[in-house]
Peer 1: 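One structure coming up, written as structure tokens, with questions to follow.
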Protein chains: 2
Amino acid sequence: MERAGVALLPMRAEALKGHLDGLLLAALEDGPRHGYAVKEALRDTTDGRLDLPTGTVYPALHRLEQAGLITGSWSVVGGRRRRTYELTEDGRRSLAGARDHWQEFAAAISTALGGAPWPATS
Amino acid sequence: MERAGVALLPMRAEALKGHLDGLLLAALEDGPRHGYAVKEALRDTTDGRLDLPTGTVYPALHRLEQAGLITGSWSVVGGRRRRTYELTEDGRRSLAGARDHWQEFAAAISTALGGAPWPATS
DNA sequence: CGCTATATATAGCGACACTACGTATGGGAG
DNA sequence: CTCCCATACGTAGTGTCGCTATATATAGCG
């Protein structure tokens, strides 16, 4: 049991707070994707550790679009409508900022949390 | 201007969500501390990057105590009352779990965020 | 003909850190 | 001696934001 979800040690599901936008932007960096594909991309690149519910992904994409970080366009593929998103210039800048911010944040937390400073690759 | 605070790139202040408890427990690992000292310890060990407001620290400590992860005792030092906290056994276990969880979480985010996988020590 | 995967959407909830206060003492600056 | 700041604790209320639950619709498989 408990093989799915964000973590095997379910501390808090809200650990994602504040980092989601960057993840979504990163998933769109390699090229346009529609919402469901973004969700799958995040799941696949993290070996299933980041399996976000659709109720998280879609509203977040809407916010990003409204913020001008991505642009979306409708299309129909195989009878199913899709909204395909693409990074804007602002989106790319924001992604870069999100990466910087993550580095700083992760370094600070890792330092304060102590134990093993950084995860050994082994 | 803007030399203080959690980050030089203020993304979201709620980035802490779900990680605070572990940080507080870690600050108590080396020995008992009172609330204000915990706040200072986190600020100092992170070079001022993690300067939590008292309105964040104290309620969190109360929660941890109610959860049985720390125990507190009153004392008076220099006319000022202090509540000194100490890790319980459950607290130590929880801290270990928090570290594990952080490693997994950080690895997943770093992977999904891409860019530089892990910060080079140099 | 269900059942699952694909694909999108939203209303309401809940968790939790933060803002903005309030209380009180000790010590240094003026 | 009197501000004012650092120390030291506290809480009520706020706001953000990811999640739950639910809804719609098509394609394909058994």
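Labels below follow one simple rule: chain letters A, B, ... track the order of the sequence lines, proteins then strands, and each chain is numbered from 1.
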Peer 1: Strictly distance-based, threshold 3.5 Å: is any side-chain N or O of A:T88 a donor or acceptor partner for the main-chain N or O of A:G68?
Peer 2: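 Looks like yes, one N/O pair under 3.5 Å.
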
Peer 1: Quick one: which residue pairs count as a side chain to side chain donor-acceptor pair (under 3.5 Å) with a foot in residues 59-81 of chain B, not counting sequence neighbours?
Peer 2: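 Non-adjacent pairs meeting side chain to side chain donor-acceptor pair (under 3.5 Å): B:E65-B:R83.
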
Peer 1: Of B:T54 and A:H34, whose closest DNA chain C nucleotide lies nearer the 5' terminus?
Peer 2: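 The residue closer to the strand's 5' end, by nearest nucleotide, is A:H34.
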
Peer 1: May I ask you to evaluate whether B:H19 reaches the phosphate of C:dA17, defined as a side-chain N or O under 4.0 Å from OP1 or OP2?
Peer 2: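 No, outside the criterion.
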
Peer 1: Please check the phosphate of D:dA8 (OP1 and OP2 only) for any side-chain N or O of B:R82 closer than 4.0 Å.
Peer 2: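 B:R82 to D:dA8 OP1/OP2: side-chain N or O found under 4.0 Å.
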
Peer 1: State, to 0.1 Å, how close B:A26 and A:A112 come at their nearest heavy-atom pair, and which atoms those are.
Peer 2: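 Where B:A26 meets A:A112 most closely, the heavy atoms are CB-O, 3.5 Å.
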
Peer 1: How long is the line joining CG of A:L52 and C1' of D:dG18, in whole Å?
Peer 2: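 About 9 Å, once rounded to whole Å.
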
Peer 1: Could you check B:Y36 against A:T56 and say which one's nearest nucleotide on DNA chain D is further toward the 5' end?
Peer 2: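 That would be B:Y36.
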
Peer 1: Is the side chain of A:R99 donor-acceptor paired with the backbone N or O of B:L113 at a distance under 3.5 Å, no angle test?
Peer 2: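 Yes: the side chain of A:R99 pairs with the backbone of B:L113.
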
Peer 1: Across the strands shown, which category fits B:G35 at heavy-atom distances under 4.0 angstrom: base, sugar-phosphate, nothing?
Peer 2: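 Sugar-phosphate only.
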
Peer 1: Once you round it to whole Å, what is the distance between P of D:dA8 and CZ of B:R33?
Peer 2: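 Taking CZ of B:R33 and P of D:dA8, I get 12 Å after rounding.
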
Peer 1: Nearest whole angstrom, please: distance from the C1' of D:dG18 to the CG of B:L16.
Peer 2: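 Checked: the CG to C1' distance equals 16 Å.
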
Peer 1: Heavy atoms only: give me the nearest B:V38-B:A27 pair and the separation to one decimal.
Peer 2: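 Closest approach of B:V38 to B:A27, heavy atoms only: CG1-CB, 4.0 Å.
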
Peer 1: Between B:R43 and B:Y85, just flag the one whose closest nucleotide in DNA chain D comes earlier from the 5' side.
Peer 2: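 So the residue in question is B:R43.
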
Peer 1: Is there a Watson-Crick or G-U wobble partner for D:dG30 with both distances under 3.5 Å, and which nucleotide is it?
Peer 2: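 Base-paired to C:dC1.
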
Peer 1: Whole Å only: how far is the CD atom of B:E65 from the C1' atom of D:dC9?
Peer 2: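 Those two atoms, CD and C1', are 13 Å apart.
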
Peer 1: Under 3.5 Å, which N/O atoms of the protein pair with N/O atoms of nucleotides 25-28 of chain D?
Peer 2:
{"unit_1": "D:dT26", "atom_1": "O2", "unit_2": "A:R80", "atom_2": "NE", "d": "3.1"}
{"unit_1": "D:dA27", "atom_1": "O4'", "unit_2": "A:R80", "atom_2": "NH2", "d": "3.1"}

Peer 1: To the nearest angstrom, how far is A:Q66 atom CD from D:dT16 atom P?
Peer 2: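 Rounded to the whole Å, the gap is 14 Å.
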
Peer 1: In terms of side-chain heavy atoms of A:L20, which of D:dG18, D:dG10, D:dT11 is nearest?
Peer 2: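 The answer is D:dG18.
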
Peer 1: Indicate yes or no for a side-chain donor-acceptor contact from B:K39 to the backbone of B:L52 under 3.5 Å, with no hydrogens or angles considered.
Peer 2: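 Pair found, side chain donor or acceptor close to backbone of B:L52.
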
Peer 1: Within less than 4.0 Å of OP1 or OP2 of D:dT7, is there a side-chain N or O belonging to B:R81?
Peer 2: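 False: B:R81 side-chain N/O out of range (4.0 Å or more) of D:dT7 OP1/OP2.
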
Peer 1: Using whole Å, report how far CG of B:D44 lies from C1' of D:dT7.
Peer 2: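 Atom-to-atom, B:D44 to D:dT7, this comes out as 14 Å.
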
Peer 1: Look at the side chain of B:S94 and the backbone N and O of B:D90, then say whether any donor-acceptor pair between them is shorter than 3.5 Å.
Peer 2: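 No.
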
Peer 1: Report the distance from atom NZ of B:K17 to atom P of D:dT14, rounded to the nearest whole Å.
Peer 2: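 Between P of D:dT14 and NZ of B:K17: 16 Å.
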
Peer 1: Write down the distance between OH (B:Y58) and C1' (C:dC16), rounded to a whole number of angstrom.
Peer 2: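 About 19 Å, once rounded to whole Å.
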
Peer 1: Any side-chain N or O of A:R63 below 4.0 angstrom from OP1/OP2 of D:dG18?
Peer 2: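 For D:dG18, OP1 or OP2 has a side-chain N or O of A:R63 closer than 4.0 Å.
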
Peer 1: Find the distance between OG1 (A:T45) and CG (A:D30) and round it off to the nearest 0.5 Å.
Peer 2: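 That separation rounds to 10.0 Å.
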
